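The shown structure was predicted, so the numbers you read here are calculated from the model rather than taken from an experiment.
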Amino acid sequence: MTTWRDDDAIAFGEKVISILDTGRFTATYKYAVLLSLIDLCVESADENGLPPPSLSGREIGRRVFAMYWPQAVPFDGVPLRQSTTCGDIAERILRFRLEHGVVAGTSLEEAQAAFPREMASLECDVIETVIRMPLPKLQRFGSGVAVSEDRFIYRIGWPDEVAASRVRRPDFDDRLWLEKRAGELLVRLSGLLRPLIRQQWAAFVADRNRERTDEAYLDEFLFGAARISLTPVRRSLARAQRGRCFYCRGQLRSRVEVDHFIPWSRHPDNGLDNLVAAHSGCNNAKRNAFAAVHPHLERWVGRFSPSAVERRRLDVATRRLSWPRDPERTLGAARGLYLWLPQGTKLWAADGRFVDHDPDVARAALTTPGRDRFMLAADQPGDYDA
């Protein structure tokens, strides 16, 4: 078992990069699994920003399925190749979409509501593939007779060549036991590893589709936030915020936009709790930055109090729109990211103004007492003027 000293985050990151640089890749599965591991560790963070000791292989499979879902549509009219073999996950999902007439832009949740049994079967198929294929083989370096293995991220309790029938059994133990500090280091390094993994994923796909695309355009197609339209939730968010821009607290009149409070580039979360209505100017000024703790994070955390007016209005919108939502997961992601941002990281406060990050101040805002203390701030329109 690999152990890590306090200054070994760089060594851990180098090992992850070595997987990307030296591992044998016949499909994009390993990229998807790595991103899913990071996302689950971030979202599962406790009030100290620490991930749990184990993760579910089935949940990783669900994340991989959700990651491939918006990608599995024709690119410029032609399907993309994401594998050197036939029948990979992306191809199976694309075939399903074509057979059932599921057009681009249809969310995973919409498809599950329209085709519950068929989608459940497809998801189970993807989960089984992830558990049997990339999870046992992810931590291998090199290829052929020179391949070596170092399970420095996680250990599994099933054999590398596990039978499909065993995976389908209800008593199958799908847990991945994270090695010491591995989950913490995935969270700490997520801001560096995520764009690198995405870049290599896009490069892999571009290399197999050289005649049709360039890598820069492909990255937006594969991972862009605009793949799922946020227009349906815009009016509901504005109403929940009493017609005020979430950031500057000015009146929302025209050109209302929907922003990901936790930046999409740092953690892809389209859940209703992570979305806010904002002026176009505020949204464009914030871009991919983290928002300042005071007042933005404090006000946002106030949404999670059961007695907050904004929370109750979001509850109504969730039922009416059937929009995906998991408050604890979204709040966990905020803990996992804000609490591991280095001291002095520049956080966006207002147009043209950034402030230094203080993890202790963020911790106070993200604890339960902090949520209670700032609950009223979330319910008061116009309490901050940028």
Student: For the pair Tyr68 and Tyr29, name the ring-plane relationship: parallel under 30°, tilted 30 to 60°, perpendicular over 60°.
Tutor: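 Correct class here is perpendicular.
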Student: Using ring pair (Phe, Tyr, Trp, His ring centres under 6.0 Å) as the criterion, point out the one residue from Trp340, Phe261, Tyr338, Trp300 that pairs with Phe290.
Tutor: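 Going through Trp340, Phe261, Tyr338, Trp300 one by one, the ring pair (Phe, Tyr, Trp, His ring centres under 6.0 Å) with Phe290 is satisfied by Tyr338 alone.
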Student: So which pairs with a foot in residues 89-125 pass ring-ring contact (aromatic ring centres under 6.0 Å, His included), sequence neighbours left out?
Tutor: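 As it turns out, the ring-ring contact (aromatic ring centres under 6.0 Å, His included) pairs with a partner in residues 89-125, which skip direct neighbours, are Phe96-His100, His100-Phe115.
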Student: Under the 6.0 Å and 45° cation-pi test, does Arg97 pair with Trp69?
Tutor: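 Here Arg97 passes the 6.0 Å and 45° test against Trp69.
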Student: Any carboxylate oxygen within less than 4.0 angstrom of a Lys/Arg side-chain nitrogen, looking at Arg62 and Glu59?
Tutor: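 Counted as a salt bridge, because a side-chain N and a carboxylate O are separated by less than 4.0 Å.
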Student: Determine whether a donor-acceptor pair (N or O, by modelled atom type, separation under 3.5 Å) exists between the side chain of Trp264 and the backbone of Phe223.
Tutor: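 Here the side-chain-to-backbone pair exists.
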Student: Does Asn270 offer a backbone N or O that forms a donor-acceptor pair with the side chain of Asn274 under 3.5 Å?
Tutor: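 A pair under 3.5 Å: no.
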Student: Can a salt bridge be assigned to the pair Arg151 and Glu179 using a cut-off of 4.0 Å between side-chain N and carboxylate O?
Tutor: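 Judged by the 4.0 Å cut-off on N to carboxylate O distance, Arg151 and Glu179 do not form a salt bridge.
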Student: What are the two closest non-hydrogen atoms of Val293 and Val361, and how far apart are they?
Tutor: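 Looking at all heavy atoms of both residues, the closest pair is CG1-CG1, 3.7 Å.
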Student: Of all residues at least two apart in sequence or in a different chain, which pass the side chain to side chain donor-acceptor pair (under 3.5 Å) check with Lys137?
Tutor: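 Result, side chain to side chain donor-acceptor pair (under 3.5 Å) vs Lys137: none returned.
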Student: Looking at Gln139 and Ile153, would you say the former's side chain and the latter's main chain have a donor-acceptor pair under 3.5 Å?
Tutor: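 Answer holds: yes.
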Student: Just jot down the side chain to side chain donor-acceptor pair (under 3.5 Å) partners of Glu110, sequence neighbours excluded, or say none.
Tutor: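 Scan of Glu110 (side chain to side chain donor-acceptor pair (under 3.5 Å), adjacent residues dropped) gives Ser107.
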Student: Flag the pair Asp273 and Arg311 as a salt bridge only when some basic side-chain nitrogen lies within less than 4.0 angstrom of an acidic carboxylate oxygen.
Tutor: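 Looking at Arg311 together with Asp273, the answer is no, because their closest N to O distance does not fall below 4.0 Å.
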Student: For a quick test of your reading: what N or O donor-acceptor pairs under 3.5 Å do the side chains of residues 31-43 make, sequence neighbours left out?
Tutor:
| from | atom 1 | to | atom 2 | distance (Å) |
| --- | --- | --- | --- | --- |
| Ser36 | OG | Ala32 | O | 2.8 |
| Asp39 | OD1 | Arg194 | NH2 | 2.2 |
| Asp39 | OD2 | Arg194 | NH2 | 3.0 |
| Glu43 | OE1 | Arg63 | NH1 | 3.1 |
| Glu43 | OE1 | Arg63 | NH2 | 2.6 |
| Glu43 | OE1 | Arg329 | NE | 3.3 |
| Glu43 | OE2 | Arg63 | NH1 | 3.3 |
| Glu43 | OE2 | His267 | NE2 | 2.8 |

Student: Kindly state whether the ring of Tyr247 and the ring of His296 have centres lying under 6.0 angstrom apart.
Tutor: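 Here the rings of His296 and Tyr247 have centres that are less than 6.0 Å from each other.
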Student: Check Arg92 with Asp125, please: is the shortest side-chain N to carboxylate O separation under 4.0 Å?
Tutor: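 Counted as a salt bridge, because a side-chain N and a carboxylate O are separated by less than 4.0 Å.
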Student: Less than 4.5 Å apart, any side-chain heavy atom of Leu237 and any of Leu272?
Tutor: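 In short, these two side chains touch, coming nearer than 4.5 Å.
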Student: Are Thr367 and Glu47 linked by a side-chain donor-acceptor pair shorter than 3.5 Å?
Tutor: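 No pair is found: no donor N or O on one side chain lies under 3.5 Å from an acceptor on the other.
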Student: Which residues pass the side-chain contact (heavy atoms from CB on, under 4.5 Å) test with Gln343, not counting sequence neighbours?
Tutor: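 Expected list: Asp358, Pro359.
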Student: Between the side chain of Tyr154 and the main-chain N/O of Leu135, is any donor-acceptor distance below 3.5 Å?
Tutor: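 Pair found, side chain donor or acceptor close to backbone of Leu135.
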Student: With the threshold set at 4.0 Å, does a side-chain nitrogen-carboxylate oxygen contact exist between Asp356 and Lys346?
Tutor: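 Between Lys346 and Asp356 there is a salt bridge, with a charged N closer than 4.0 Å to a carboxylate O.
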Student: Which other residues belong to the hydrophobic cluster containing Leu252, where Ile, Leu, Val, Met, Phe, Trp and Tyr are joined when side-chain heavy atoms lie under 4.5 Å apart, directly or via other members?
Tutor: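 Once heavy-atom contacts under 4.5 Å are chained together, Leu252 belongs with Val256.
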